[in-house]
Amino acid sequence: MRCLICHVETIPDVTWVTFWKPSVQKKICQECEEQMDKITASFCPGCHRPGHEGVCHDCEKWEKTNPGLLERNVAAFPYNEFNKELVARWKYRGDFVVLDAYKEHLQNVWLSSFFKGRQVLSVPLSSKRLDERGFNQSEAISYALEEEPFSVFERSHSEKQSKRGRKDRMQSENPFRLLHPISDPVVIVDDIYTTGRTVRHMASLLKEQGCPSVSSFTIFR
Amino acid sequence: MFKTVKKYLQKDFSWIPHENPTHSYPSLTGKLLLRHEIPYEDEIVDQLLAQSILVKVTSIESYPWGHRCRRCGNTKSYLFAKMPHATCGQDCLYCRSCIQMGRVIECEPLFYGSSGFEWTAHEHPCHWDGDLTIHQQKAADELVSLVQKGSGEKLVWAVCGAGKTEILFPALTEALEKGKRICLATPRTDVVRELLPRLQKSFPDVNIQALYGDSPDKAGDAPFIIATTHQLLRFAHAFDVMIIDEVDAFPFHNDVSLHYASERAAKPQASTIYLTATPRKKQKRRIRSKHLPVVFIPQRFHGHPLPVPQLKLTPTLHRYLQKGELPPKILQIIVHQQQTKRQLLLFLPSIKIAEQMASYLKERNFEVQSVHAEDSQRAEKIQAFRKKEYRVLITTTILERGVTFPSVDVYVIDAGHVVFDEAALVQIAGRAGRSPDDPTGDVIFYHIGKTDEMLDAVESIRYMNKLGRKL
Ligand SMILES: [Zn+2]
Ligand SMILES: [Zn+2]
Ligand SMILES: [Zn+2]
Ligand SMILES: [Zn+2]
């Protein structure tokens, strides 16, 4: 078995405990696993920002400008340098199978997030991007979580149109269009939560159309 | 079935189209490209396909027992993966080995560009007015006749500082006069960058292009290409003259895909020249069995022998290195060395130790910098050392090749470490005594016990000096 990331041979270590159980084939080596890290212990309850006690500054700001728009974000891994490079390999080079490196822990975090049972929504890609990449990263993550994603958004092309009404900045810059309303609680699945703007764009459309609660689930924060 | 197995086991390029219609697209000539690497709209591409100037070829060969990526030659099962492919709706296999250069996926073809572009024949392309030594001239003549003959290969075994670039000039001239296309491939970006201005100066009217990871030039549409070996992944049957520099060096040595690509990039009737200062065992075997014609250049261009390394046993070395320090004896020697005119090149086995040593020496008021492979300021630091802006350069093995300084002493700390193999040690020793104004220099290997690699390196240097004296 080779490490999915660095391709070194991984040897499952045999101890007295593992000797009697069927050994679990590790997809990644220990060194890569350590570098991928995990978000544990302290994190912001609003966005899962790692190494943070209590609500972070970003979340406070969002609550001031757009209160209650996003219920919370759950993330599994910190967006560190190592992971940044892997994301580049996965998304921009198109090495699809890199996602498998995150899968096991991602599924565990998903189960402990209590999002299971909610409607899972995917983030749309422009058709040009989709063609280059060959896959939609948000859908790929949903399938890795063994969930069926719903595609209810599309990328809106005409930016001029959206400049007409400027009552809400959030809305005037919204790159998405909601194709049909959803009346159940939802969770948006994506790869990275950075500023939180993307999911809130989607959340604002959903809520306008009567969605009771919007959360998000990402690999990285 | 037997044929299929053989095709899989051997390098097989019979899939490259044999018809090469003439055309006027230099950027497509002898290329193997993904669709998005072709800078034309679908309409034009369709026309080129109709004229067989471009030909679609299968990108991944499938066998009952495995696959081969035709761009990089990868056959390792763990370097292939499947993905649900949105573009075609199928589960498609792609190559992970060469994905850095864009994804090769089984449902999309590679595009071969006909090598039928006519390159201009240059009249008197070489403006270099230096002289070759007798040994250099002899080697140069042999390379000229190889280029005249067409197909064939030759290894140039030249000591560090033999002036092997200049040895190529007559053969390059011969090729350019006949309108032949040349590629000079080397594993290192540094060397590509260094060679471009030198060659451009000597061949001022020739369009020479440098291709490497982030080179400003990407087109690859020149008659004379200097490239890192990785860039050859985009060429097929392109070159009449293929020169591979530092065949023994990482990553070329042992990298199957680079061998595959460099063989494919040459035309079937190409002249192939290998340059090395330190042939590996496999090449030495081929030389001994007369399967690989060789030409020796055992003497440096300035005629002085290579400095022979001194081996110095330092039993306490590891104890001090663990603390990020040097044994007092070595420190004392460096203090003395620094009172001479020569600069000092200090080789250490790892980046971590190199950096520790830099701060250790800085604290003791030495003018010192450390540099390593991923250092973003690498080029600047090396340039500054060359301009003598500081006195001690600490580095790991990455600096061992291609980079020259006029007047240095060279110390290797912990020369018994596994990173210092014979080839690396010969190259490191070859940094000293490069200039005719200062043709010697102290080369010292500090160690805690002699290794075979150290002894082989010393023996190989002595052997070359002996050959040089005989001439
Ligand atoms: Zn690994
Ligand atoms: Zn937060
Ligand atoms: Zn490949
Ligand atoms: Zn496909």
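Every value quoted in this text rests on a predicted model; they were computed, and no experiment measured them. Below, read A as the first sequence line, B as the second, and so on, with proteins coming before strands; counting in each chain starts at 1.
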By a 4.5 Å heavy-atom criterion (distance strictly below it), what part of [X] contacts chain A: side chain, backbone, both, or neither?
{"X": "His85(B)", "result": "both"}
{"X": "Lys82(B)", "result": "backbone"}
{"X": "Leu79(B)", "result": "side chain"}

Would you call the rings of [X] and [Y] parallel, tilted or perpendicular, where under 30° means parallel and over 60° means perpendicular?
{"X": "Phe43(A)", "Y": "His48(A)", "answer": "parallel"}
{"X": "Phe220(A)", "Y": "Tyr79(A)", "answer": "tilted"}
{"X": "His417(B)", "Y": "Phe420(B)", "answer": "perpendicular"}
{"X": "Phe115(A)", "Y": "Trp110(A)", "answer": "tilted"}
{"X": "Tyr40(B)", "Y": "Tyr25(B)", "answer": "perpendicular"}

Using non-hydrogen atoms and a 4.5 Å limit, figure out which bit of [X] sits close to chain B: side chain, backbone, both or neither.
{"X": "Arg93(A)", "value": "both"}
{"X": "Glu139(A)", "value": "neither"}
{"X": "Leu4(A)", "value": "both"}
{"X": "Arg89(A)", "value": "side chain"}

Looking at Pro84(B), Cys88(B), Ala81(B), which one has more heavy-atom pairs under 4.5 Å with chain A than the rest?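 Max contact count across the listed options: Pro84(B).
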Quick one: do Arg378(B) and Asp190(B) make a salt bridge, cutoff under 4.0 Å? yes
Asp58(A) bridged to Arg197(A) by N-O distance under 4.0 Å: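 Here Asp58(A) does not pair with Arg197(A) in a salt bridge, since their nearest N and O are not under 4.0 Å apart.
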In terms of heavy-atom pairs under 4.5 Å, which option from Val97(A), Asp95(A), Asp100(A), Leu130(A) contacts chain B the most?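 Most pairs with chain B among the choices: Asp95(A).
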